[in-house]
Amino acid sequence: MITKETAEKLEGQATPYYYYDLEMLNETLSVASGEAADRGFQVHYAVKANFNPVIMKIIAGYGLGADCVSGNEVEHAIACGFQAHETVFAGVGKSDREIEKALGLDIKCFNVESAAELEVIDSIAGRMGKKASVALRINPNVEAHTIRHITTGTDENKFGIRIVELDRVTEQMKELRNIHYSGIHFHIGSQITDLRVYRNLCSRINELWQWLTGRGLEPEDINVGGGLGVNYDDPDRFPPFAEYFDTFKNHLDGRIRSTISFELGRSLTANCGSLISRVLYVKPGAAETFVILDAGMTELMRPALYHAYHRIDNLTADGQEKRYTVVGPVCETTDTFGKLIALPETRRGDLIAIRSAGAYGEVMASRYNMRSLPPSVFSDGI
Ligand code: LLP
């Protein structure tokens, strides 16, 4: 939560920067991990959402596992306090070097996305005298009903092994001597707010569980992925963790004895972060008035990349509301945070918070236009 008092403290910092409310982060983690534990579920943190070491160390402190998508993420997660034996490595394009690194660190498992990858992992593990634990990432062909660009679990996506290939891949896997089959993995997309989508995922998991078990491949672990959405209109509201976990509790087949794990990213970190920026200029245009910030798509790329919405608060003005188009300084027309949005009358020097930016914000920053990467400021340090 950004109170008036917080805003006064933020005034003293040079902009732009990411501000993280650690109380909010801790509360979110405590609710999420508590609700999961109540239902016997395990939670991994999807490191890609935010790999800031301060945030990572706090999350590791709650005993979560780590879901990584590069060798660097695997190494970083372990350095930040995540247990190697609770770290999983997913991704369609793991390089040989990354596979070697992860095997050397004795991670929990690889989420394997193709038949070819299975063979490569087997051969590298053989060379290293190791046995690689693998979970098959299955593309369940379930529509996630979210932003098209962040859907991952339908047939046209590059992710996972398609169901029609499963027969051949499982037969192939039985021949590989350096592979230990540990289970199955799914991830259908991100920013999912319609929980009925997860019921469809459960039905697909139930069918696959039955099919695999019938072939002597009962999974030890079923990793159902992440994707739980947040409310971008109301950054102070917790994501519906209890309802989310209940959907799986109520819709997965009661005969399943596998451990059930989740990979949450956005729902754990989005709300605690804001991009704080200062108004450089208020500039009249032909049809709209532009508020030009000292932060742009280089600091927060989501609006430019996906037309994603983030709430924008003016922390230092409280006059009559007017409509503004809020833009950054970068040489691109898509460098726009909000079009014709209502803000109290805004002036040069006002402090602006772009909310719910704790996930896929700082980590996606770029140096385009030779801009500096944004620093981070934490609530316990202001
Ligand atoms: N597991 C896997 C295999 C994933 O690919 C992802 C996200 C997650 C878990 C975590 O999903 P979450 O709980 O955070 O929804 N940059 C985009 C989001 C891309 C998500 C990629 N995969 C955005 O800014 O919206």
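Order of appearance sets the numbers: ligands from 1, and atoms from 1 within every ligand. Keep in mind that this is a model prediction, so the values were computed, not measured.
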Report the hydrophobic cluster partners of L373, with the cluster defined as I, L, V, M, F, W, Y residues connected by side-chain heavy atoms closer than 4.5 angstrom, directly or transitively.
-> none
Hey, looking at [atom], which of [options] has the closest heavy atom?
atom: atom 15 (O) of ligand 1; options: G189, A90, S190; answer: S190
atom: atom 6 (C) of ligand 1; options: K48, E113, H185; answer: K48
atom: atom 9 (C) of ligand 1; options: E263, R302, M364; answer: E263

Check ligand 1 against [X] and write out every atom of the ligand that is under 4.0 Å from a heavy-atom position of the residue.
X: R137; answer: 3 (C)
X: G265; answer: 12 (P), 13 (O), 14 (O)
X: G227; answer: 11 (O), 12 (P), 13 (O), 15 (O)

Are R215 and T170 linked by a side-chain donor-acceptor pair shorter than 3.5 Å?
-> no
Under 3.5 Å side-chain donor-acceptor pair for H185 and E263 | yes
Cation-pi between K249 and F41: NZ/CZ under 6.0 Å from ring centre and within 45° of the ring axis?
-> yes
Under 6.0 Å from the six-membered ring centre of Y281 and within 45° of its axis: does the NZ or CZ of R348 meet both?
-> yes
The answer for which part of D67 has a heavy atom under 4.0 Å from ligand 1 is side chain
What part of R266, side chain, backbone, both or neither, has a heavy atom within less than 4.0 angstrom of ligand 1?
-> both
Could you tell me how the ring of Y18 sits relative to the ring of Y20: parallel (under 30°), tilted (30 to 60°) or perpendicular (over 60°)?
-> parallel
Using the six-membered ring wherever Trp is involved, compare the ring planes of H76 and F51 and label them parallel, tilted or perpendicular (cut-offs 30° and 60°).
-> perpendicular
Mind checking whether Y306 has a heavy atom under 4.0 Å from ligand 1?
-> yes
